[in-house]
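Remarks on the structure that follows.
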2 protein chains.
Amino acid sequence: MTKIAFRTRIEDLRRRELIQAAHRVFMQHGLGGMTTKRICEEAGMSPGILSYYFKGKEDVLFAMVRLNNRLLMEAVATGLAQATTRWGRLEAIIAGNFPEGLFETNIANAWLSVCAASATNQRYARLQRIFYARLQSNLASVFRDALPDARFKQIALALGTMIDGLWLRRATGEALSPQDSTTLVLSVAVALLTEAERAQLAA
Amino acid sequence: MTKIAFRTRIEDLRRRELIQAAHRVFMQHGLGGMTTKRICEEAGMSPGILSYYFKGKEDVLFAMVRLNNRLLMEAVATGLAQATTRWGRLEAIIAGNFPEGLFETNIANAWLSVCAASATNQRYARLQRIFYARLQSNLASVFRDALPDARFKQIALALGTMIDGLWLRRATGEALSPQDSTTLVLSVAVALLTEAERAQLAA
DNA sequence: CAAAAAACTGAACGCACATACAAAAATTTA
DNA sequence: TAAATTTTTGTATGTGCGTTCAGTTTTTTG
């Protein structure tokens, strides 16, 4: 009993350490420069340890991407919980997609690599789908019952696409701060909505 | 004289063949799956030939990316030449960024890989800068002398970002046709402009 | 405090790759 | 046609990678 409990505790700890080390290596060297040796070195362990706690390098990578996505989704969730009006929720969703400390060139770049890899990696593709579904669902919670279906979809698509585009530009080095990015997306949201619709969302 | 002329002709031919072969391999296997062996095989040559006509694999890759960018920029230029009004030019620029036959999942994916690689590859970064500068300059030719500077920049940024975002989504497999993409970006352009501004651009 | 189990090490292996290069084939020249 | 030159081939070489595993250290058990 105690045996299993301890074993699990150590396993989880080492896994977490390796995933976080992988994350740091990813940020610094990109998807291509992420070698098992570097990951283990970053974690302060020997190169063979990775195979002991994971099935292989792919497993660590996958866990790392999942962690990254979770961080982003949590940033949005935190903001959403504090919002009271629909418009406030919209602001929270948009701002949450450019979190201070996460909306950085290297992270954006890493995310881009994963998007590209999604084409040939089914597990990544699945993670991406989950992520986008969540974004869509969050936006739906703002517009549902306030806008006709077709209109909601167009607006959600436009805003989601802009968020993606801003991340892409962040990856290429073009500096646009989290605040400026949020402002830009919100200005498009304002432009796309009629005055009546805006009033409805402010309530 | 004839010697050099012939030599050059053959060299150029082989280089083109290899670049196009690299392009096809890129489309099918992604940036990671692009090996010299596969490229030469696709070109119907022996694996050693690549080093004979290029300095190395990087050279072929770079030439290939440049070709891709040129195709996209030419698509825009073709449309621009036919437009008569400012608004027509805007439509041409946007539609030209989603050319039939080029706005495909695998091409978008390849382009994404290059964006990601730009972070660590100066030559790629330079190509990207040239590409974006051209887009910006094209947009400027529409709005210059019609809109105040600050407004123009905001609108150009919003539209450019949306175009990027749509390419990114194309890469992840979400199907949005060239027509739908163009329509979406144009609808945002319409929303961002006042009625008076639109009238001015129609002239 | 042994004995047993778990955690960890690091050298070794096999594999895939980019590149180099000597030899062969094809083409041009005289 | 014979020599010279260019073009092409296919193997060889070196490198870096992920993974394995026999052995070592650390921790737990009885």
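Proteins come first, then strands; the chains are lettered A, B, ... in the order of their sequence lines, and each starts at number 1.
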Checklist entry - Which pairs, with at least one residue in residues 93-111 of chain B and sequence neighbours excluded, count as a side-chain hydrogen bond (donor to acceptor under 3.5 Å, both in side chains)? => result B:Glu100-B:Gln179
Item to check | Residue pairs passing the salt bridge (Lys or Arg N to Asp or Glu O under 4.0 Å) test where at least one lies in residues 106-128 of chain B, sequence neighbours excluded | outcome: B:Asp59-B:Arg123
Item to check | d(CG, A:Leu50; P, C:dA7) in whole Å | outcome: 16 Å
Checklist entry - Starting at CZ of A:Phe54 and ending at P of C:dC8, how long is that distance when rounded to a whole Å? => result 13 Å
Checklist entry - Could you state the CZ-C1' distance from A:Arg14 to C:dA6, rounded to the nearest angstrom? => result 12 Å
Give me the distances for all protein-to-nucleotides 9-11 of chain C N/O pairs that come in under 3.5 Å?
{"from": "C:dT9", "atom 1": "OP2", "to": "A:Ser46", "atom 2": "N", "distance (Å)": "3.1"}
{"from": "C:dG10", "atom 1": "N7", "to": "A:Ser46", "atom 2": "OG", "distance (Å)": "3.4"}

Checklist entry - B:Lys55 NZ to C:dA20 P: how many Å, rounded? => result 10 Å
Item to check | Residues that B:Glu174 engages under salt bridge (charged side-chain N to carboxylate O under 4.0 Å, His left out), provided they are two or more places apart | outcome: B:Arg169
Checklist entry - Which of residues 19-32 of chain A have a heavy atom under 4.0 Å from DNA chain C? => result none
Checklist entry - Please, which pairs that meet salt bridge (Lys or Arg N to Asp or Glu O under 4.0 Å) have at least one residue in residues 176-189 of chain B, sequence neighbours excluded? => result none
Next on the checklist: Between P on C:dA25 and CD1 on B:Ile10, what's the gap in Å once rounded to a whole number?
Outcome noted: 19 Å
Checklist entry - Just how far, in rounded Å, is P of C:dA18 from CD of B:Glu41? => result 13 Å
Next on the checklist: Looking at B:Arg66 and B:Leu127, would you say the former's side chain and the latter's main chain have a donor-acceptor pair under 3.5 Å?
Outcome noted: no
With a 3.5 Å cut-off and sequence neighbours excluded, list the donor-acceptor pairs that the side chains of residues 146-162 of chain B form with protein atoms.
{"from": "B:Arg151", "atom 1": "NE", "to": "B:Glu197", "atom 2": "OE1", "distance (Å)": "3.4"}
{"from": "B:Arg151", "atom 1": "NE", "to": "B:Glu197", "atom 2": "OE2", "distance (Å)": "2.8"}
{"from": "B:Arg151", "atom 1": "NH2", "to": "B:Leu192", "atom 2": "O", "distance (Å)": "2.5"}
{"from": "B:Arg151", "atom 1": "NH2", "to": "B:Glu197", "atom 2": "OE1", "distance (Å)": "3.2"}
{"from": "B:Gln154", "atom 1": "NE2", "to": "A:Ser187", "atom 2": "OG", "distance (Å)": "3.0"}
{"from": "B:Thr161", "atom 1": "OG1", "to": "B:Leu157", "atom 2": "O", "distance (Å)": "2.6"}

Checklist entry - Residues in salt bridge (charged side-chain N to carboxylate O under 4.0 Å, His left out) with B:Arg15, at least two apart? => result B:Glu11
Checklist entry - Taking the inter-plane angle between the rings of B:Phe62 and B:Tyr124 on a 0 to 90° scale, is it parallel (under 30°), tilted (30 to 60°) or perpendicular (over 60°)? => result parallel
Item to check | Within residues 58-67 of chain A: residues closer than 4.0 Å to DNA chain C (heavy atoms) | outcome: none
Checklist outcome for this item: salt bridge (charged side-chain N to carboxylate O under 4.0 Å, His left out) filter on B:Arg24, not counting sequence neighbours, yields B:Glu42
Next on the checklist: For A:Ser141, is there any backbone N or O sitting under 3.5 Å from a side-chain donor or acceptor partner on A:Arg89?
Outcome noted: yes
Checklist entry - Base, sugar-phosphate alone, or nothing: which one does A:Tyr53 contact when heavy atoms must sit under 4.0 Å apart? => result sugar-phosphate
Checklist entry - Donor-acceptor pair, A:Arg86 side chain versus A:Gln200 backbone, under 3.5 Å? => result no
Checklist entry - Side-chain contact, heavy-atom cut-off 4.5 Å: B:Thr36 with B:Phe54? => result no
Distances under 3.5 Å only, N/O to N/O: pair up the protein atoms with those of nucleotides 13-17 of chain D.
none

Checklist entry - Excluding sequence neighbours, so at least two apart, what forms salt bridge (charged side-chain N to carboxylate O under 4.0 Å, His left out) with A:Glu74? => result none
